[in-house]
> 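Shown below is the structure under consideration.
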Amino acid sequence: MCGITGWVSFHHDARTRAPVIEAMTATLTARGPDAGGVWLGERAAIGHRRLAVIDLAGGAQPMTDRADTPTSVLSYSGEIYNHHELRAELRSRGHEFRTRSDTEVVLRAYAEWGEAVAEHLDGMFAFAVWDERAERLLLVRDRLGVKPLFWAAVDGGLAFASEPKALFAHPEIRPRVDADGLREAYSLLFNTGPTVWSGVREVEPGGLLLLDRGGIRERRYWQLTAGAHEDGRDATVDRIGALLATAARGQLEAEVPLCSLLSGGIDSTVLTALLADELRLREGPDARLRSYAVDYSDQAEQFTGDILRTGHDTPYAAEAGAFIGTDHSTVVLDPRALLDLEHRKAVVVARDSPIGVGDMDTSLYLLFGRIRRHSTVALSGEAADEVFGGYPWFHNPRALAAGTFPWLLVTGDEAAMPLNPELDLRIAEFRDDTYRSALAAVPHLDGESPTEHRQREMQHLSLTRWLRQLLHRKDRLSMAQGLEVRVPYCDHRLVQYAFDAPWTLKSFDGREKSLLRAAGAGLAPDSVLHRPKNHYPATHHCDYNRGLQGLARDALAVEQVRALADATRIKPHLDTPPERLDWGHRLRLERVVDLALWLDHHQPELAL
């Protein structure tokens, strides 16, 4: 896992601008603490920061196909899980290799298949290839968008990077925010393409971008389709189990310490069990997988249920670890650590965005930091809810009937920070227009029943939008700590197969995630297997609420914050007794604090 950056310009000689690419690359050091490098050509400058995971001695980047007079240059971030198979195929086609790295497999695969290279790759990745002979830049992003990739126009071409902060180190790209950017950020619709930053865009998941002297062209090489599902219940359960086991097995490879995130829910428990079994097959019956959970001091005494959480995770995680036989640890965080402005600033800097989820972001950042002391790679159960229908909105009649994005019933105006009405952003209209466009993109089968039709919409929205912000969160906060997080539930074959399965199969036992529960039978204790959905834990400590109110009060004293936020709708929460501050209103305060930190660090030009 790494950080990539660079630019191409047909108007300037990049060889005269080494300090620029060096500065851009330096901003991504946290993503790649092990090594860094740059390559300069007449038309292109390419940078890379490396977190070494496979072929520690080799795999240095940017990587060229030849030591002298290279014809192609690669800067790559991610993991290719089928790199051994691809290496064998490419060797049979006459390609020679000088390293054991999956990076070189991508480089040789480009030489063989050109822009069709992505269709041969199984993994999570974002990469750039500069083709010297064709004078062409290729940017590619993995199918589900696990790894980020941003770009912006520069004179005569474009610049690209794993994170916007690297783009802002280029002298032609400034951190600028306009009304469109605020709508993207605060509407909570999670569009792919545009960002909060004016002029900065993402390469779409499953997408690629080509730049040459003829201009920019973008296309999708993969997206969800609607296919007929012929398997019965038992065959479907067996196939789900086989696909998940294959994904877990393929993602276990690493030449550095590896662990699992084990929350005590069904998603992470089933995954951890598969990983632990495979590790014992490879290394012997005594091999033990490390697993980690997060908790908060006094959580057992302070916990109170809310709209997202029904119970305390820690006992379930400990039971699951004992059942599977992992070397399990619980990282316990204190509310004061979550209020520490240095920690919160680090999170905002990592995200390059004012939009987050407060203490849940800070705690995840701190958890990743603790894990990084012992492991370089972690595997996560992220995306199982989107794949198997785990969220409440799949089962709530009100959400199913709502004419908007279903998560807005949970995170909508009550939880979103209200913006200053004088900005006249017309977010309600923007949401309506975006929702209509999102539904138009959903593939359907002829003859679907109304129930199947609606559930396919719900799953497509969840996989292509809601999941986007969760993957961004996990990538940014883990890579800020130099930790690689892999997400086997994002295997595109598993995702497509589950998407094709009808809702009657996904809910055959009358509950959420029926197929995963059936496929995971025997891999998790019954208490976990049949436990209701529980979201990532948040602290329930009154001291945290009290401290958050103080931070929000300080944030509202900042003139720029008051210019953007509707202080009259926020101030009542400052005087609410801490023990009565509910989750939605607390999130408003979290976002005010984050907005102040974001403005202070990025100093964006506000063009409103």
Side-chain angles (χ1 to χ4, degrees), residues 165 168 175-177 181-182 185-186 188 196-197 296-298 302 306 333-367 369 411 413-423 425 473 476-477 480 538-606 608:
K165 60 174 61 68
F168 299 144
R176 184 175 182 272
V177 177
L182 286 181
Y186 285 99
L188 306 179
V196 65
W197 302 108
Y296 305 95
S297 58
D298 299 323
Q302 297 279 345
D306 59 31
L333 302 175
D334 185 273
R336 286 168 294 188
L338 303 177
L339 293 166
D340 187 304
L341 280 178
E342 289 304 310
H343 294 155
R344 298 185 73 101
K345 180 179 179 181
V347 168
V348 171
V349 171
R351 285 199 319 254
D352 286 325
S353 167
I355 293 296
V357 283
D359 67 300
M360 291 187 286
D361 281 353
T362 309
S363 69
L364 193 61
Y365 171 79
L366 295 173
L367 170 65
T411 64
D413 290 336
E414 284 232 335
M417 186 190 72
L419 294 173
N420 190 329
E422 293 181 7
L423 296 172
L425 295 179
R473 172 179 180 243
R476 298 302 188 81
L477 301 184
T539 180
H540 294 258
H541 205 295
C542 285
D543 286 351
Y544 179 81
N545 290 353
R546 189 176 295 108
L548 176 63
Q549 289 172 315
L551 294 179
R553 192 172 286 109
D554 293 342
L556 284 175
V558 178
E559 183 177 353
Q560 267 195 316
V561 172
R562 293 198 306 276
L564 295 177
D566 185 353
T568 60
R569 295 176 62 192
I570 297 168
K571 285 180 178 178
H573 311 318
L574 300 178
D575 300 320
T576 301
E579 66 275 8
R580 294 177 55 194
L581 196 64
D582 69 26
W583 177 81
H585 295 150
R586 190 173 86 170
L587 188 53
R588 280 186 175 180
L589 301 183
E590 302 273 16
R591 287 185 168 148
V592 170
V593 176
D594 287 353
L595 175 62
L597 292 169
W598 177 72
L599 290 168
D600 180 66
H601 176 77
H602 286 90
Q603 298 291 310
E605 174 191 348
L606 298 177
L608 304 174

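Side chains are part of it too, since the values below use all heavy atoms of this structure and drop only hydrogens, waters and symmetry mates. Quantities reported herein were computed from a predicted structural model and do not represent experimental measurements.
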> Give the C-alpha distance, both sets of side-chain angles, the deciding distance and a yes or no for side-chain contact (heavy atoms from CB on, under 4.5 Å) between Arg336 and His343.
CA-CA 10 Å; Arg336 286 168 294 188; His343 294 155; over 6 Å; no
> Is there a side-chain contact (heavy atoms from CB on, under 4.5 Å) between Val347 and Leu364? Walk through the geometry before answering.
CA-CA 9 Å; Val347 168; Leu364 193 61; over 6 Å; no
> Ignoring hydrogens, what is the shortest heavy-atom contact between Leu477 and Tyr365? Give both atom names and the distance.
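That would be O-CD1, 4.0 Å.
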> Is there a side-chain contact (heavy atoms from CB on, under 4.5 Å) between His602 and Trp197? Walk through the geometry before answering.
CA-CA 11 Å; His602 286 90; Trp197 302 108; 3.9 Å; yes
> Can you see which heavy atom on Arg344 is nearest to which on Leu339, and at what distance?
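Nearest heavy atoms, Arg344 then Leu339: CD-O, 4.1 Å.
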> Taking atom CD of Gln603 as the centre, report whether more than 12 heavy atoms of other residues, nucleotides or ligands fall under 6.0 Å from it.
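It does: Gln603 CD has more than 12 such atoms within range.
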> Going from CH2 on Trp598 to CD on Gln560, what distance comes out if it is rounded to the nearest 0.5 angstrom?
9.0 Å
> Run the numbers on Arg546 and Glu579 for salt bridge (Lys or Arg N to Asp or Glu O under 4.0 Å), then give the verdict.
CA-CA 9 Å; Arg546 189 176 295 108; Glu579 66 275 8; 5.2 Å; no
> Would you say the side-chain atoms of Asn545 pair up with the backbone N or O of Pro578, donor to acceptor, closer than 3.5 Å?
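Here the side-chain-to-backbone pair exists.
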> How long is the gap from OG on Ser363 to OH on Tyr544, to the nearest 0.5 Å?
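Between atom OG of Ser363 and atom OH of Tyr544 there are 9.0 Å.
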> Any idea which heavy atoms bring Leu556 and Ala567 closest together, and the distance?
CD2-CB, 4.2 Å
> Looking at side-chain heavy atoms only, is the closest gap between Leu341 and Leu551 below 4.5 Å?
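Contact flag for Leu341/Leu551 side chains = yes.
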> Could you check if a side-chain atom of His585 sits within less than 4.5 angstrom of a side-chain atom of Ile570, using non-hydrogen atoms only?
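Result no, sub-4.5 Å side-chain heavy-atom pair not found.
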> Does a side-chain heavy-atom distance below 4.5 Å link Leu574 with Leu589?
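Side chain of Leu574 against side chain of Leu589, heavy atoms only: contact under 4.5 Å found.
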> Rounded to the nearest 0.5 Å, what separates atom CG in Asp359 from atom CG in Leu548?
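If I round to the nearest 0.5 Å, the distance is 8.0 Å.
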> With no hydrogens and no angle check, is any side-chain donor or acceptor of Asn420 less than 3.5 Å from a backbone partner on Ala563?
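Such a contact is found between Asn420 side chain and Ala563 backbone.
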> As an exercise, state the distance from CZ of Arg588 to NE2 of His573, rounded to the nearest 0.5 Å.
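The NE2 atom of His573 is 4.0 Å from CZ of Arg588, to the nearest 0.5 Å.
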> So Val592 and Leu595, do their side chains get closer than 4.5 Å, heavy atoms only?
no
> List the atom of Val593, the atom of Ala555, and the distance in Å for their closest heavy-atom pair.
CA-CB, 4.1 Å
> Show your reasoning for whether side-chain contact (heavy atoms from CB on, under 4.5 Å) applies to Tyr296 and Leu338.
CA-CA 10 Å; Tyr296 305 95; Leu338 303 177; 3.6 Å; yes
> Test: salt bridge (Lys or Arg N to Asp or Glu O under 4.0 Å). Region: residues 554-563. Which pairs qualify, not counting sequence neighbours?
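Of all non-adjacent pairs touching residues 554-563, none passes salt bridge (Lys or Arg N to Asp or Glu O under 4.0 Å).
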> Calculate, to the nearest 0.5 Å, the distance between atoms CG and CG belonging to Leu564 and Leu606 respectively.
5.5 Å
> Report yes if some heavy atom in the side chain of Met417 is under 4.5 Å from a heavy atom in the side chain of Arg569; otherwise report no.
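Result no, sub-4.5 Å side-chain heavy-atom pair not found.
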> Give the minimum heavy-atom separation between Gly358 and Asp594, together with the two atoms involved.
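Heavy atoms of Gly358 and Asp594 come nearest at N-OD2, 4.3 Å.
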> Less than 4.5 Å apart, any side-chain heavy atom of Leu597 and any of Val349?
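A side-chain contact under 4.5 Å is absent here.
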> For a salt bridge (Lys or Arg N to Asp or Glu O under 4.0 Å) check, start with the C-alpha distance between Asp361 and Arg351, then their side-chain angles and the critical distance, and finish with the verdict.
CA-CA 10 Å; Asp361 281 353; Arg351 285 199 319 254; 2.7 Å; yes
> Do Asp352 and Arg476 have side chains that approach each other closer than 4.5 Å (heavy atoms only, starting at C-beta)?
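Yes - at least one pair of side-chain heavy atoms lies under 4.5 Å apart.
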> Does a side-chain heavy-atom distance below 4.5 Å link Val348 with Pro354?
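Heavy-atom side-chain distance check fails, nothing below 4.5 Å.
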> Do you know the tightest heavy-atom contact between Val357 and Leu587?
CA-CD1, 3.8 Å
> Say whether, by atom type as modelled, one donor and one acceptor occur between the side chain of Glu590 and the main chain of Gly356 under 3.5 angstrom.
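Pair absent, no side-chain N/O of Glu590 close to backbone of Gly356.
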